[in-house]
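Nothing fancy with the numbering, it's 1 onward along the sequence.
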Amino acid sequence: MGALTDTKLRNLKPREKAYQVADSNGLVIEVRPVGHKAWLYRYRLYGKQEKISLGSYPALSLAEAREAHLDARKLVMVGKSPAHAKQTEKRRLSDDLQIVRGLAKAYITDHLAGLASAKNATAWIENHILPDMGGKFLHEVTPADCIAIVERIKRKGAPAVARKVLEQLRGIFGYAVDRHLLTLNPAAQVRAAKIIGSKGSRERVLNVAEIKRFFDAADNFATSPSNRIAFKLILLTLCRKGELVKTAWEHVDLEQGEWRIPAANAKNRNGHIVYLSQQAISLFRELRKLAGTSPWVLPGQDPMKPITHTTLNQVLYVARSQGEKQTWLKDIHIHDMRRTASTHLHEAGFSSDVIEKALNHTIE
């Protein structure tokens with residue numbers, strides 16, 4: 001019997017650096033800074049140290065991990081490398097059109113190649129679709145499997161990405177139908193409006209050009225210099241408006257480049273540290289000068305109190321009515337900045353766990 005129990009596993013908390021806790025005979029659980037827990041089997045074969053990933057906890061339970069570990073140990077006992085066997089199987093599956101991973105590979109090569117959207121579409125497939133169903137046979141995939149992927153992305157606050165991933169699911173399995181590998185497209189049976197919400201629901205995402213335009217336009221908003229800087233910091237730090245409004249200078253350490261958001265100031269009541277870029281630090285230094293003797297980063301008319309929660313909304317409302325030149329602002333809200341950040345980071349291939357941590361979302 002190994003040293004680990006389900007209670008011990010549930011109570012393992014992330015630290016600043018990844019660490020491992022042993023079970024038995026080379027089976028360990030690795031706890032990573034973002035909270036992810038991965039099963040690893042470490043072994044020595046022909047004098048060489050090797051390791052293999054068995055899966056993630058709790059998706060792979062303690063009992064299942066021990067069973068997979070035993071299977072891998074049996075290979076080592078007869079002089080075979082589990083890591084090499086896994087790579088061989090991966091290569092086989094990647095070329096098999098009856099497997100989702102192989103089908104996706106062919107779809108990317110045949111259908112996406114040359115398209116302007118190829119880079120983003122490939123990232124959506126590799127980051128959101130293949131980790132969940134890459135190893136499944138085509139006939140095993142159900143509409144419920146597709147819904148599960150889309151709903152998870154939506155819950156993480158990225159409905160626009162969820163819609164794009166659903167488009168790729170439909171494209172991949174439509175590609176299979178066209179080649180008579182499937183009779184029905186499981187993703188075509190998923191109604192986006194029922195799962196993600198209609199396009200009329202709030203899912204505005206600024207493109208790269210709009211981000212720059214908004215950043216530059218903030219300099220001309222009819223408000224105080226500190227409020228103009230606030231819009232830029234919201235873009236740069238992914239913070240919530242309310243978190244910035246409630247920030248006192250005692251929460252900001254510009255030497256360390258850290259902004260501490262106390263639990264009382266966070267929407268989800270989870271304390272959070274924002275690690276500041278040099279650009280963000282420069283903006284905070286400007287705010288420090290503008291604040292004078294006020295203890296608040298964004299002081300109001302009474303410098304002993306911060307601006308109100310609605311001040312920045314009112315500034316943006318006024319900016320929208322500043323003639324025809326500002327009509328492009330009419331459908332942009334402050335919270336769209338966080339959605340924009342989440343969408344672009346997902347498209348760039350960053351881990352969902354890292355993005356959720358940066359946004360200070362509660363990770364279930």
- [ ] Could you tell me whether a side-chain N or O of Trp124 sits under 3.5 Å from a main-chain N or O of Lys164, the two making a donor and an acceptor?
- [x] no
Open item on the list: Assess the residue pair Asp6 and Arg10 against the criterion (salt bridge (charged side-chain N to carboxylate O under 4.0 Å, His left out)); give the C-alpha distance rounded to whole Å, side-chain angles, the decisive distance to 0.1 Å, and a yes or no.
Closed with: CA-CA 6 Å; Asp6 280 313; Arg10 286 193 297 270; 5.0 Å; no
Task: Asn185 (side chain) donor-acceptor with Val177 (main chain) under 3.5 angstrom - done: no
Task: Leu54 side chain near Leu27 side chain, heavy-atom distance below 4.5 Å - done: yes
Task: Euclidean distance, Ile211 CD1 relative to Met337 CE, rounded to 0.5 Å - done: 9.0 Å
TODO: Search all heavy atoms of Leu103 against all heavy atoms of Ala176 and return the closest pair with its distance.
DONE: CD2-CB, 3.7 Å
Open item on the list: Taking the side chain as everything from C-beta on, heavy atoms only, tell me whether Glu16 gets closer than 4.5 Å to Pro33.
Closed with: no
- [ ] Walk me through it: do Val165 and Asn127 pass the test side-chain contact (heavy atoms from CB on, under 4.5 Å)?
- [x] CA-CA 10 Å; Val165 169; Asn127 295 328; over 6 Å; no
Open item on the list: Between Met133 and Leu169, does the side-chain contact (heavy atoms from CB on, under 4.5 Å) criterion hold? Intermediate values first, please.
Closed with: CA-CA 11 Å; Met133 62 170 63; Leu169 283 165; 4.1 Å; yes
Open item on the list: Testing the basics here: between Leu62 and Thr5, what is the closest heavy-atom pair and its distance to 0.1 Å?
Closed with: CD2-CA, 3.9 Å
Open item on the list: When you group the ILVMFWY residues by side-chain heavy-atom contacts below 4.5 Å and let the links chain together, are Tyr46 and Ile52 in the same group?
Closed with: yes
Open item on the list: With a 6.0 Å cut-off (strictly less than), is the heavy-atom count around CD of Glu67, excluding the residue itself, greater than 12?
Closed with: no
Task: Shared hydrophobic cluster for Phe284 and Tyr275 (ILVMFWY, side-chain gaps under 4.5 Å) - done: no
Open item on the list: Nearest 0.5 angstrom please: Arg163 CZ to Ile153 CD1, how far?
Closed with: 12.5 Å
Task: Rounded distance (nearest 0.5 Å) linking atom CG of Leu290 with atom CG of Asn227 - done: 10.0 Å
- [ ] Report the distance from atom CG of Leu233 to atom CG of Leu244, rounding to the nearest 0.5 Å.
- [x] 6.0 Å
TODO: Taking all heavy atoms of Leu40 and all of Gln20, pick out the closest pair and write down the distance.
DONE: CD1-NE2, 3.6 Å
Task: Spacing of Gln98 atom CD and Leu182 atom CG [to the nearest 0.5 Å] - done: 8.0 Å
Task: Side-chain donor-acceptor contact under 3.5 Å, Asn313 with Lys241 - done: yes
Task: Check: Ala59 main-chain N/O paired with Ser56 side-chain donor or acceptor under 3.5 Å - done: no
Task: Heavy-atom side-chain contact between Asp23 and Arg66 under 4.5 Å - done: yes
Task: Tyr41 side chain reached by Arg73 side chain, heavy atoms, under 4.5 Å - done: yes
- [ ] Please tell me if the side chains of Tyr57 and Leu12 come closer than 4.5 Å, counting only heavy atoms from C-beta onward.
- [x] no
Task: Exam field: side chain Thr311 to backbone Thr308, donor-acceptor pair closer than 3.5 Å - done: yes
- [ ] Report the residues that fulfil side-chain hydrogen bond (donor to acceptor under 3.5 Å, both in side chains) with Gln49, sequence neighbours left out, ordered by chain and then residue number.
- [x] Arg44
Task: N/O donor-acceptor pair under 3.5 Å between Arg42 side chain and Gly26 backbone - done: no
Open item on the list: Hydrophobic clusters here meaning ILVMFWY residues chained together by side-chain heavy-atom distances under 4.5 Å, can you tell me if Ile273 and Leu276 are in one?
Closed with: no
Open item on the list: Whether the side chain of Arg240 engages the backbone of Ala266 through a donor-acceptor N/O pair (distance < 3.5 Å, no angle test) should be reported.
Closed with: no
- [ ] Go through the steps for Lys51 and Tyr43 under the test side-chain contact (heavy atoms from CB on, under 4.5 Å), then give the verdict.
- [x] CA-CA 6 Å; Lys51 69 177 179 180; Tyr43 58 94; 5.6 Å; no
TODO: Evaluate the side-chain proximity of Ser342 to Leu359: yes if any heavy-atom separation is below 4.5 Å, no if none is.
DONE: yes
Task: Nearest heavy atoms of Pro299 and Ser294, plus distance in Å - done: CB-OG, 3.3 Å
TODO: Tell me, with the steps shown, if Thr247 and Trp296 meet side-chain contact (heavy atoms from CB on, under 4.5 Å).
DONE: CA-CA 6 Å; Thr247 296; Trp296 301 99; over 6 Å; no
Task: Side-chain heavy-atom pair His128, Gln168 within 4.5 angstrom cut-off - done: no
Task: Arg179 to Tyr175 six-membered ring, cation-pi geometry met (6.0 Å, 45°) - done: yes
- [ ] List the atom of Asp132, the atom of Arg152, and the distance in Å for their closest heavy-atom pair.
- [x] OD2-NH1, 2.6 Å
TODO: Please confirm whether the backbone N or O of Leu9 pairs with a side-chain atom of Lys37, one donor and one acceptor, at under 3.5 Å?
DONE: yes
- [ ] Answer with yes or no whether the side chains of Thr343 and Thr340 bring together a donor and an acceptor at under 3.5 Å.
- [x] no
Open item on the list: Check whether Lys357 reaches the backbone of Gly35 with its side chain - one donor and one acceptor, N or O, closer than 3.5 Å.
Closed with: no
Open item on the list: Is there a continuous path of hydrophobic side-chain contacts, each under 4.5 Å between heavy atoms, that joins Val28 to Val76?
Closed with: no
- [ ] Establish whether Val21 and Leu60 are linked, either directly or via other cluster members, by ILVMFWY side-chain heavy-atom contacts under 4.5 Å.
- [x] yes
Task: Least distance between heavy atoms, His251 atom then Asn265 atom - done: CE1-ND2, 3.9 Å
Task: Euclidean distance, Leu312 CG relative to Phe231 CZ, rounded to 0.5 Å - done: 4.5 Å
Task: Trp259-Thr237 side chain donor-acceptor pair, cut-off 3.5 Å - done: no
Task: Side-chain heavy-atom pair Leu206, Phe215 within 4.5 angstrom cut-off - done: no
